[in-house]
Every structure is written in C-alpha cells, then in structure tokens.
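Here's the structure we're looking at; comments come further down.
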Amino acid sequence: MNLTNTNRYARTLVRGSVYALVALWLVWIWGPILWDLFTGVSVNPQTDPPTLIPQQFTLEHYMTVVQEEDILIYIRNSTVVTTVSTALSVLVGALAAYSLTRYDPGDGQISFFTLSMRFLPPIAVAIPIYTMFIGLEWINTWQALIVAYLTIGIPISTWIMLIFFQKIPEELEEASRVDGWSRMQTWRRVVLPLATPGISSAAILTAILMWNEYVLALVLTTTKEAQTVPIYLAGFVTTRGVLWGRMGAATIIALTPIVVLAFIAQERLVAGFTLESS
Amino acid sequence: MAKTELLNLRKEYDDVIAVDDISITLEDGEFLVLLGPSGCGKSTTLRMIAGLETATAGDIRVGGEVVNDQAPAERDFALVFQQVALYPHMSVQNNISSPLRAAKLDADTIERRVLKTAKLLNIEELLDRRPSELSGGQQQRVAIGRALVREPRAFLLDEPFSKLDQKLRIQLQKELKQLQGEMEITTVFVTHDQEEAMVLADRIAVMDEGSLQQIDPPENIYQKPANKFVADFIGNPTMNFFDASIEDRGLKIEGEIYSEWNRSVRHASIDSMAARPEDIVLSESHTTESMLTATVSLIEMRGSTAYFVCQFDSRELTVLKKNDHDDISEGDTVALSFDFEAVNLFDSNGKLVNVTESAVRQS
Amino acid sequence: MSTVDIFSIWRQRVEDGLSSERAIAWLFVAPAVILLLAIAIYPFIQMIYDSVFAFSSAGQREAFVGIENFVRVLSDGRFTGAVLFTIVFVMIVVSSEFLLGLGISLLIYSQYIKRRQLLVVLSLPPMMLSPVIAGLTWRMLFNVEFGLVNHLLSLNIDWIAGRPWAAAAIVITDIWMWTPLFVLVFASTLQAIPEVYYEAAEIDGMSAWQRFKWITFPQMRTAIVIVLLLRVVRAFKVFPKIQVMTLGGPGSFTESIAMITYNYGFSFFSLGRASAAGVLYWFLMFITAFIIFRAVAEELISPEEY
C-alpha cells in the first residue's frame, strides 16, 4: 500500500506515529509478562511505588515453589494429561479428518457435528460428567481429565486437519495406488508425510489449550495428586492476600513448556491459529 | 495536451541498475512501444512514468513541469496492468467507474462516461458482471475501460495481452490501435513481442539491459537497426549475420570478395553484415565464380511462404527467396547473393554504419 | 476345519469388507464420533434429564419436579445478573478486541513496517497463556497499593473490589488476552491481498479510506465473520479469569453464567439447579451462535456491492 500523499513532512509524521503506536502495542503485550518475570525473582515484589526491576534479587520463590509446594507434581499431572489427551485427540482427529475429506460419510453432517462441539460450554458438560465419573470412581484420576479433555481436543484437531487434508491433492494417493501400493502403504508413504505439518499444528494448538484448561480440572480433581497447573496457580488467590513472589515464580515455570513449544514450532503455531480461522 | 518528457531517467535497486539514462520525448497522440527482452527495464521505465516507482535520478516532465514527486493520479496517467487488476468485489460497472468515484464526480457524469467507454469497448452487456465471471480478453477490455474512462493525459499499458491466446491478442491489438487513433491519446505500450510492437507502434523504443538502443518508427527499426542487438531482436524469422570487412576492392563477406556493392562507406571499421531472410537470394551453385555457398537443410512452410534453412559454416541461415527459375530442394548446395540495398553493416562495436550511394562495380 | 483355516477365512472376509471404501470411511470417523457422543452428547442429555429433578445435597436424585428448577434459576437475581453481565461483557470485549485488532493489523500492514511476520508472532503470547495466568498477572497490576496501573495513571482505584472497576479490570484483561487473535487472523488475511489491487488503486487515485472500503475490507469479510463467531462463543465461556481476579465479586457483580452454574453445582450443591442453569446456558450460546451464523450466511450468499 502506497500513500498518495505528496507532502513529505506529513509522511514522516505519519511514519513516526505508526512506529510509536506499534511500539506501544508491543509494550502493552509484553509488559505484564515481563512484570511476572521480575516479580518472581524479587525479594519484595510489592513496593510503593511499583518498580519493574527489583531492588533485590532472589531465587527464593522458585525454590519454595518447587520444594515446599511441589509444583513439580502439578507439572507432572499436567504433562501426563496433556500429552496423552493430545495424542489421542490428534490420532482420532486425523483419522476422522482424512475420512471426511476423502469420502465424506454422513454428507457433511459429521463435520458439522464435530465442529459444533466447540459451542458446548465446558461447565455445562462438566457437571454431568462429574456425576458420571463419580459413578466410575474416576474423580481425581488422570484418566478422568484425559477423557474429559477429548471434548476439547477432538473438535479442534479435526477442524485443523480437515483443512490440511483438503490441501493434499487426492491425485497423489491415486497415483500411489496405481503404482501398486496398498491402502495402508499409501497412507504411510504419501499421506502421512504430507500431513505432518498439519498434525504438528493440531498437536501444538491442542496441547496449549489443554495445558491451560481450568474448568474441567477444577470440577474433576480435588487433590494435589491429580490437580493440574492452572488449579495450582489459581490457589495463589487466598482470602485476601496473594503470594506474589511465589506466584511470579510459579507462573514462569508454568509458562516454560509453552514457551519452549512455541519457540520450537513458531511457524506451525501461526499456521495453526490461522487455520483455525480459515 | 502538454508534452511528456523523460530526461536521463535512471533507476537503481541496491547495486542493480535497472534503467540507465533513458531520455524520450513523447509526441502528442503517439503510440510509443517500449520493446525489449525480459529484464531490460521497460516495465520499470513504464512504472516510473506512471508513478509507481520513483526514479533514482533524472526527471519526468509534463508540460515542462517536473512530476517526479507526484502521485500517479495527480499526473493523470492511466495504467493497464499485465495481471488482471480488476477489483474482485466490484461489478464491471463499478470497476470502470472507480477512478471517477475516487475523484468524487457526480453520479450522472460517472454513469454517462462509463456507458460511453463501455460502448467503445463493446462491453456494455458485461456491466453487471463480476470480474471472475469474465474471460481473459473481456477482463483486459474492462481494464482498458477503467483506464480510458478518465480520459487521461497518457495511457500506459504493461504487456496487457501477453497472457491471452494468439487470436485474441491480434484482435485486441487491432481494436486498441483503432481506439487509440480515434481518441488520439498519447500511449506508451510495453511488450517483449516484437511483432506486436511492429503492428501497434508509431515509434518503437528498443531497450536492452536498462538502456535505450534505438527509438524510431517501425520501418526504420526494421530496415536500419541501430546496432546488432536491435537487428537481431526485430524481425521474424531472425536476421542473418555474416562476417564482413571493407577492402580496397570492395566488401568482403566471409572471406569471399563480393563487390556488387554500390554504396560506399565512410572511414569506419566494418565488422559484420546483416541480411534479412528476404534480402538473400539462393541460386543453384553452378558457376565457377567465388561465391558464398550453403547447403539447404530444411524447407519450412509457414503459411504459404517457404523458408529455406541453410547450413552455412557452422551456422544456420534462414532465407526467403530463391531464383524463380531454379528448382532447389533439401540437400542441395546453393549460392548466396544479396540485395545490397537492404543489408546493414555494423562496426566492431556492433553499431550501424551509415552508407551512402556510390557506385562499385563487380570485379 | 482347523483353527487356522477358520481364521484365514475370517480374515479374508474382514479384508473384503474393509476394502469397501464406505466401510473404511465410517471406520475412520467412528472413534471421533463415538467418543464425542459418549463424552459430550451423552452427559449433555443426562444434564437435560437431570434438570427436571430435584437432588439432595449429596447428589442423589429425588423427585421429579418438572420446570421448578428452571423457575428457581430464572427468578434468581444472581442468575439473571450473571446473564446480563456475561452478555454485556461479551459485547464490550469482542467489539473492542475487534476494533483494536483491526487497527493494529492495519498498522502492521501499512507501508511503513517491514518485519511484519515478526511483529505478528511477537503479538501472540497473551493468547497462549492460561486465563489463570493472565488473571493473576493483571490482578497484580491492578492492585490498589502496589499495582502498576494505579501508579501509572496516578489513580487510587480499587480495581478488584470496586463496583464498576472490577468489571473493567476483567474486560481489560480479556482484551489484552484476545486482541492478538484478531491481529493474527487479520494479518494473514491482509497478507493474502495481492499487491496489484493497491497499485491499481493508486493509479485510480483512491484515498486511503477508499482503499480500505473498496479493496481491503471486502477481502476481509469472511475472515471477520468467522473470527467474530469464534471469539463470541469463546467469550461466553468466561470463567477462570474471573475466578482468579475477583471471584465474582464484589458480591456477585462480576459473576458470569459459567461461574454461577458452577456455583450452583459445587457451592450450593444443588445439582438440579446447576443442571437447569447448564441447559439455559447452552441454550443462550446456541441462540447467539445461531444469530451470528445467520449473519454469516447472509454475508456469503449475497455479498454487498461496492
């Protein structure tokens, strides 16, 4: 887009303001995150007036959080639940998406059904599920969350992979079959490699959602042995006071897996989000 | 209308010089074609004229006024792009009227002018359609309509027909030429197709590697190419080149002396000679005179014309004529003779050497 | 016949059956469909069923009470308050995020900015966090005494416990979290618009506003509708943030529908009312989604003329 403005002065003025606004935007985005970071390492996070860089540094909060409060247990729980549930979701979703793009059983109704699951409020599902799981004695177990999270994971993975599979031309598979490969082999040799970016995008997106999930975990787990990271973090809100230092440390620890994941797979992530909306 | 001039126009991208010192004065109402191979800078020049690129050096003047800093619309130039640049979400009518709507003219004037332009281009029935519903040729017609509806000071086209099929291209070339003639709009047309240039242009500006090689009416370009590049680029089938030099006895071609040369050359070092297929005559080689001989390797029929492709040395020549009373077929050895009125001589720099009339006799 | 023979015959049959394309197609979608039916649809129906019963506080089903649960819920000021709050919240939040996201993406895609992809990626973190983290972080920033917000603006507002302010705090946090989604979607849409259209617009002499109205916006229409739909649905589910920032307070001022439903179930232990609330909640979402969906269909079928 080029401006038709001929006035050089006005142009530099506009350029300057655009830069300023974008910079402001980035500060607004990253400020709170940095604040978290610094709070976690500050001896006294609550100062008047508040400062970003702490006067005294400490790793005390991190230690407390890890040793006394066993953040690692929560991380363990979250990791198990997220990994297994994501894997299942992606697998199921990939199969479904593949079938839907190639054969469309159910004439679009199944796609519609799967995607409309996103409109289900988790709490509306959580309550009856809770009752169900009480019967199964699944409260406070990993399988409870893994299974419950499938309601989130399957719709999303299916959606994303629907789009990815649509982009893989059927002719490639047909050519492979003509060459003599069986269906299974075709799937392994042709479809799978091409679908890998889609699968990773779906997996990453799903994993992030599950890692951050709160409502279902809140309902279905009550003990430390089973609770996930978001529940733990929410526990920092006591009746009036909040332990800011520890919260800062815990937050950063909780964020680390996501950051690592995002860093490794930036493009996939963006592609995933973009696909979500295409 | 005010005259448009390009003065020492230059465009650099990092270290690449895309356009190097181009100066052209556009005559009112003329159809100028910028012709050259891919990458020669013709599109860049056009875009500088339009205002989509800014010149690194040099001026573009309209009516004496420097317009380098002016936006395209201000200069009142219209441009037709190579790709289809019709706005996809607008009807044909709205596409054509868009420059008028941008200028906020009143609705009646807009409607009137759009209708008038549509009639000119025979696209009235298409006014309500969307660009996606049109064929390639129709789309370009609409694009031309959008440009012309403004009645611009100059009309710029960037290889608009290159994506269309042959027949359609010829049709549109004809229509465009006619339209331009009637409207008398100064037009600059970019193409790499030299046939297109020959058909459309009042003047052709041949470009290569950023610089202007020659600017002349088509006949001059064809008959008196300013250098070897132009000679080679223009003409289909291509020019035939021979080594040549001037000696006391006359013109020496490819080591054989040939002095059926009735023109004289002024003090220049001749290096080569170029002859068009129609300027070489083949005859059966049966004389004992020292003559240039070649072997006919292929006879190509193009339409109703027969082109003789001959092996000469290690090169191929394409010749059009043969002596009518000679019967020549593939595999024959033939003698070459030249129409020296028509051939061009070039010096060691590749530049055309001027010749004047004077008598040289066969020795 | 030996077992091996039977087995091979059986396998042959299975393979024959499997080679039917339809069979495979259905087989592949089966896990997804079955799982969703079991984990989502079945409980949902169960909930509808439950909603017409009364329950003991231990969760035992007692008597059939017809629509009594619904009546109780709908006449509960707290519930209607939550509905109102949620609706207003969604409207404010989604429109703000939309406008802000649109603005930022247009800025990033203006001619002045080079590293567009990078800027977009840099804008993403807020939406990748857990709402719990976002809520906690902003709670810290909104703290009366030590919070950065009050400090920078030289105010002394109690953002957590003040009547309009608590809502504002939650709104701001949500905007922080989700505007990047709009930026991302719009950015990728903007990127896809061919440069040539803008060049033609320059030739035609369009002003910046005309360019936006006639070229940019029409190309963005589909994306806009979809992302709005997504975001509205998601915004309706708001709960974790609130839980962590204000616990619905002051009083139940900032309580959302999701929250009150949860509270019915786990604070009041009234499964009947919780179920009824759940049904109403879903119904509300459905209606909203339906309305927006209709708007989408209209847009796509008869797009406006420019």
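Note that the structure is a prediction, hence the values are computed from the model and not measured. Note: hydrogens, waters and symmetry copies are ignored here, and every other heavy atom, side chains too, is used. Chain letters run A, B, ... following the sequence lines, proteins first, then strands; residues in each count from 1.
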Portion of B:Val80 that has a non-hydrogen atom of chain C nearer than 4.5 angstrom: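 Nothing of B:Val80, per the 4.5 Å heavy-atom cut-off to chain C.
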Return the minimal non-hydrogen interatomic distance between B:Tyr87 and C:Tyr197, and the atom names on each side.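 Closest approach of B:Tyr87 to C:Tyr197, heavy atoms only: CE2-O, 3.7 Å.
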Would you find more than 12 non-hydrogen atoms of other residues, nucleotides or ligands less than 6.0 Å from [X] atom [atom1]?
X	atom1	answer
C:Trp176	CH2	yes
C:Arg234	CZ	no
B:Glu27	CD	yes
B:Glu133	CD	yes

Would you say [X] and [Y] make side-chain contact, with heavy atoms under 4.5 Å?
X	Y	value
C:Arg221	B:His89	yes
B:Lys104	C:Gln210	yes
B:Pro88	C:Gln219	yes
B:Arg150	C:Asp204	yes
B:Leu52	C:Ile203	yes

Under the rule for salt bridge (charged side-chain N to carboxylate O under 4.0 Å, His left out), what residues qualify as partners of B:Glu196, not counting sequence neighbours?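 With sequence neighbours excluded, B:Glu196 shows a salt bridge (charged side-chain N to carboxylate O under 4.0 Å, His left out) to no residue whatsoever.
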For B:Asp59, salt bridge (charged side-chain N to carboxylate O under 4.0 Å, His left out) partners two or more places apart: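 With neighbours one apart ignored, the set is B:Arg61.
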